[in-house]
There are 2 protein chains.
Amino acid sequence: MMHPCKSCALRKMSIFLPFSESEVRFMTEFRDGEVHLETGQTLYHEGDDLNFFYTVLSGQGARYKFLPNGGRQLVNFLFPGDLTGLQGLLEGQASTTAVAACPMVLCRFRKTRLPELFRTSPSRAYALTWVAAVEEHFLGETITTLGQRTALQRIAWALLKIHSRLTAVGLARGHGVPFPFRQRDLADALGLSLVHTNKMLARLRNQAQWEDGVLRITEARVLAEIAMVDLEEPPVRPLL
Amino acid sequence: MMHPCKSCALRKMSIFLPFSESEVRFMTEFRDGEVHLETGQTLYHEGDDLNFFYTVLSGQGARYKFLPNGGRQLVNFLFPGDLTGLQGLLEGQASTTAVAACPMVLCRFRKTRLPELFRTSPSRAYALTWVAAVEEHFLGETITTLGQRTALQRIAWALLKIHSRLTAVGLARGHGVPFPFRQRDLADALGLSLVHTNKMLARLRNQAQWEDGVLRITEARVLAEIAMVDLEEPPVRPLL
DNA sequence: CGACCTGTTGATGTCCCTCAAAGGGGGTGG
DNA sequence: CCACCCCCTTTGAGGGACATCAACAGGTCG
């Protein structure tokens with residue numbers, strides 16, 4: 001297709017800031033093709049020299065960091081609209097491993113053209129920085145959760161965040177949002193053991209159901225109370 | 001003084017990428033004065049409308065997030081060269097409270113001029129994004145620490161990171177680096193209780209001493225082993 | 001001198017980890 | 001078509017790491 005960005009479905013979602021005509025033209029030329037991943041495939045490995053960065057177009061994945069003792073931390077989920085790979089911008093070395101949890105499509109950008117982006121399209125460069133700032137903000141919230149919340153509160157917090165983020169990109173289907181991960185992934189995201197994660201999920205079953213890769217929240221109010229957060233939509237943000 | 005950036009001591013440190021002549025000129029004009037803080041003063045409060053962002057020139061501080069239950073999370077320390085306030089770029093609302101742990105000097109930038117920076121100085125805009133990516137990378141490491149490391153490992157990890165970061169900005173003084181925080185701050189940074197933090201610090205006394213606001217590391221190798229990290233210098237990064 | 005803050009140490013409790021085992025699909029092969 | 005296995009989920013039992021409660025020492029300040 002000639003105009004992959006022009007027809008991009010993500011761009012139309014209200015959570016993303018609109019593109020100008022010239023921005024659409026620029027991105028169409030700037031992008032470096034698409035990447036298609038199957039379930040379980042890795043986008044990049046920890047330690048890889050990263051020549052690209054990516055925007056998630058569809059599907060879901062996660063970035064993991066592995067420790068010498070066998071531990072594994074899920075640093076963040078990769079949802080449609082998320083940018084990943086920028087971290088490796090500096091060291092050239094990826095600090096995490098990105099894996100697809102279901103079939104994914106990503107928009108690819110070449111790192112060597114980054115200076116050109118900054119020279120040629122200030123508004124797109126601004127968007128890039130903005131997205132990085134959004135991500136930074138979210139990681140700060142995650143740190144707060146890991147540092148201060150109990151297991152039950154962490155689960156409640158995560159389910160709410162995940163649900164609202166996926167709803168914001170139009171994935172709600174009445175019966176819930178697709179969330180194709182295992183309990184082990186959620187456990188690794190929250191610094192909990194698999195067993196305890198399972199037990200806390202059971203205790204929240206009245207407020208949220210997560211089965212067969214579909215997450216449904218029935219008592220958001222209660223979850224928010226448990227998690228000590230306010231119920232709010234994800235803020236509007238740019239898309240790359 | 002006419003050339004505050006030209007004479008900036010930070011710029012000369014090898015951990016920071018060099019400025020071109022034109023970049024120095026640009027920043028001199030772009031900056032919006034200095035902010036001087038006394039110990040305990042706050043740079044901004046959670047919920048504030050943020051019109052500025054800042055680079056730490058000297059001194060140290062931290063960003064905190066407070067929870068309804070009285071909990072407090074130290075999201076990150078603010079060391080010389082660090083950029084802060086960008087997170088609030090989007091919501092306009094600061095998500096954390098920034099407090100000085102000793103007298104601080106910061107370089108101030110006006111948010112409304114950000115688009116101008118992207119239009120006028122692509123190389124500076126690139127540096128800004130780079131710094132944000134560095135920060136994002138570090139927050140990811142912190143998440144891994146909070147999620148996967150034990151109390152002793154967290155303390156060892158934090159002491160190493162803090163020491164190497166402060167050394168990289170030239171604060172080592174033979175007997176150690178200045179670190180003007182309380183054990184309560186470190187506890188809040190690592191998601192531990194004050195009491196337990198104290199006990200773990202005691203157990204590491206042979207490897208690291210932290211007294212009277214000075215941190216000295218005598219057995220970095222041992223600490224690194226405990227923390228499950230490699231001993232390495234902080235990567236070179238831009239300065240704003 | 002007393003009030004307050006920070007650091008230190010001991011005692012007690014508990015949240016969560018680890019170990020263990022069983023049940024339910026889904027896939028493969030006999 | 002059933003046997004078998006693997007992965008995921010679920011539940012119970014026991015133990016350990018860390019939180020909470022409590023008390024004291026030293027330093028600083030009013």
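Note on naming: letters A, B, ... go to the chains in the order of the sequence lines (proteins, then strands), and numbering restarts at 1 for each one. It should be emphasised that the depicted structure is a prediction, and the values quoted were computed from it without experimental measurement.
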Would you give me the side-chain donor-acceptor pairs under 3.5 Å for residues 186-200 of chain A, sequence neighbours excluded?
residue, atom, partner, partner atom, Å
Asp188(A), OD1, Arg184(A), NH1, 2.9
Asp188(A), OD2, Arg72(A), NE, 2.7
Asp188(A), OD2, Arg72(A), NH2, 2.9
Asp188(A), OD2, Arg184(A), NH1, 3.0
Ser193(A), OG, His196(A), N, 3.1
Thr197(A), OG1, Ser193(A), O, 2.8
Asn198(A), ND2, Gln183(A), OE1, 2.9

request  = Under the salt bridge (Lys or Arg N to Asp or Glu O under 4.0 Å) rule, collect the residues that match up with Arg165(A), sequence neighbours excluded.
outcome  = Asp82(A)
task = Using side-chain contact (heavy atoms from CB on, under 4.5 Å) as the criterion, list what pairs up with Glu141(A), not counting sequence neighbours.
result = His137(A), Trp157(A), Lys161(A)
key: Check against side chain to side chain contact (heavy atoms under 4.5 Å, CB included), Phe79(A) and Phe179(A)   = CA-CA 10 Å; Phe79(A) 293 144; Phe179(A) 187 59; 4.1 Å; yes
ask   = Heavy-atom distance under 4.5 Å between the side chains of Phe66(A) and Thr96(A), does that happen here?
value = no
query = Does Arg108(A) count as lying over the ring of Phe52(A), i.e. NZ or CZ under 6.0 Å from the six-ring centre, within 45 degrees of the axis?
reply = yes
remark   = Quick tally for nucleotides 7-19 of chain C: nucleotides whose base has a protein heavy atom under 4.0 Å get B, sugar-phosphate-only ones S, the rest -, giving SBBBB----BSBB
key: Nucleotide interval of DNA chain D bounded by contacts with chain A (heavy-atom cut-off, under 4.0 Å)   = dC8(D) to dA13(D)
request  = List for me each residue that meets side chain to side chain donor-acceptor pair (under 3.5 Å) alongside Gln73(B), sequence neighbours excluded, and say none if there are none.
outcome  = Gln148(A)
